[in-house]
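Read through the structure below, which is laid out as structure tokens, and then see the notes.
Positions are given from 1, in the same order as the sequence printed here.
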Amino acid sequence: QVQLVESGGGLVQAGGSLRLSCAASGSIFSINLMGWYRQAPGKRRELVASITSGGSTTYADSVKGRFTISRDNVKNTAYLQMNSLKPEDTAVYCCNALILWVGGLTPRSSWGQGTQVTVSS
């Protein structure tokens, strides 16, 4: 069974920085895509950033130039460095990964429990 655990959320003032981590554990054969999503109260969940196993990245327009996604394929961990944070970045941030586990035939999508990021003005 695969588990995703996020960490690094918290309360920060506008203009500050936070670094989120998402560690995957379990009987993992390979991880293709890893991504960070966020959902603010009353809003739809949105993709913030994603990264392939080869390092190709995509970002939401709202975070380009401020957020950086990276990953450590040995540690099965993805990171989201968030700089120049704004109050509108306040949301629950969830990690998602497309994982092929040992013995599996097709990759499966797995989600973490989420971590709260609050940016005060």
Side-chain angles (χ1 to χ4, degrees):
Q1 190 170 0
V2 176
Q3 186 178 20
L4 294 180
V5 177
E6 300 110 330
S7 61
L11 173 64
V12 65
Q13 288 187 333
S17 299
L18 285 174
R19 188 190 193 212
L20 306 183
S21 298
C22 170
S25 63
S27 300
I28 298 169
F29 182 78
S30 64
I31 302 178
N32 186 1
L33 191 67
M34 298 188 81
W36 287 96
Y37 290 75
R38 68 185 181 187
Q39 187 167 20
K43 295 188 176 181
R44 288 185 174 183
R45 184 174 62 192
E46 64 171 343
L47 175 65
V48 177
S50 64
I51 184 168
T52 68
S53 56
S56 296
T57 58
T58 59
Y59 295 94
D61 288 342
S62 59
V63 307
K64 283 181 181 177
R66 300 188 297 122
F67 291 10
T68 302
I69 189 171
S70 60
R71 63 188 282 176
D72 183 328
N73 291 329
V74 174
K75 295 181 178 180
N76 290 328
T77 299
Y79 307 95
L80 185 67
Q81 178 67 44
M82 305 184 293
N83 299 327
S84 301
L85 282 161
K86 304 175 181 180
E88 50 263 44
D89 294 318
T90 295
V92 175
Y93 285 70
C94 290
C95 176
N96 176 264
L98 198 59
I99 300 174
L100 178 64
W101 61 77
V102 175
L105 297 178
T106 57
R108 297 290 181 90
S109 178
S110 295
W111 290 90
Q113 80 287 355
T115 185
Q116 176 70 45
V117 171
T118 303
V119 184
S120 63
S121 58

Check your understanding: To the nearest 0.5 Å, how far apart are OG in S109 and CG in N32?
Key -> 11.5 Å

Review point. Which heavy atom in L18 sits nearest to a heavy atom in G8, and how many Å separate them?
Key: CD2-O, 3.8 Å

Point to revise | V63 to V48 - nearest heavy-atom pair and separation | key: CG2-O, 3.6 Å

Practice item. Report yes or no: does T115 contribute a side-chain atom to a donor-acceptor pair with the main-chain N or O of Y93 at less than 3.5 Å? Key: no

Check your understanding: Of the non-hydrogen atoms in C22 and L4, which two are nearest, and what is the gap between them?
Key -> SG-CD2, 4.1 Å

**Study point:** Donor-acceptor under 3.5 Å (N73 side chain, S53 main chain)
**Key:** yes

Check your understanding: From R108 CZ over to L100 CG, what is the distance, rounded to the nearest 0.5 angstrom?
Key -> 10.0 Å

Review point. If you round to the nearest 0.5 Å, how far is CD1 of I28 from CD of Q3?
Key: 10.0 Å

Exercise for review: State the OH-CG distance between Y79 and D72, to the nearest 0.5 angstrom.
Suggested key: 5.0 Å

Check your understanding: So which heavy atom on L80 is nearest to which on A49, and how close?
Key -> CD1-CB, 4.2 Å

Check your understanding: Got a salt bridge between K64 and D61, using NZ or NE/NH1/NH2 to carboxylate O under 4.0 Å?
Key -> yes

Check your understanding: Would a hydrophobic clustering, with Ile, Leu, Val, Met, Phe, Trp and Tyr connected at side-chain separations under 4.5 Å, put L20 with L85?
Key -> yes

Review point. What about I51 and I99, same hydrophobic cluster or not, with Ile/Leu/Val/Met/Phe/Trp/Tyr joined at side-chain heavy-atom distances under 4.5 Å?
Key: yes

Exercise for review: Taking all heavy atoms of R38 and all of A91, pick out the closest pair and write down the distance.
Suggested key: CB-CB, 3.8 Å

Review point. So, Y59 side chain and I69 main chain: donor-acceptor pair closer than 3.5 Å or not?
Key: yes

**Study point:** Nearest-0.5 Å distance, CZ of residue R19 to OG of residue S21
**Key:** 5.5 Å

Check your understanding: Under 3.5 Å, is there a donor-acceptor pair linking the side chains of S25 and N76?
Key -> no

Check your understanding: Out of curiosity, E6 CD to C94 SG, how far, rounded to the nearest 0.5 Å?
Key -> 5.5 Å

Study note, to complete from the structure: Closest non-hydrogen atoms of I31 and A97, given as atom of the first, atom of the second and distance, are CG2-CB, 4.1 Å

Practice item. Determine, using the 4.5 Å side-chain heavy-atom cutoff (strictly less than), whether F29 and L33 are members of one ILVMFWY cluster. Key: no

Check your understanding: Are the side chains of V12 and M82 in touch, meaning some heavy atoms are under 4.5 Å apart?
Key -> no

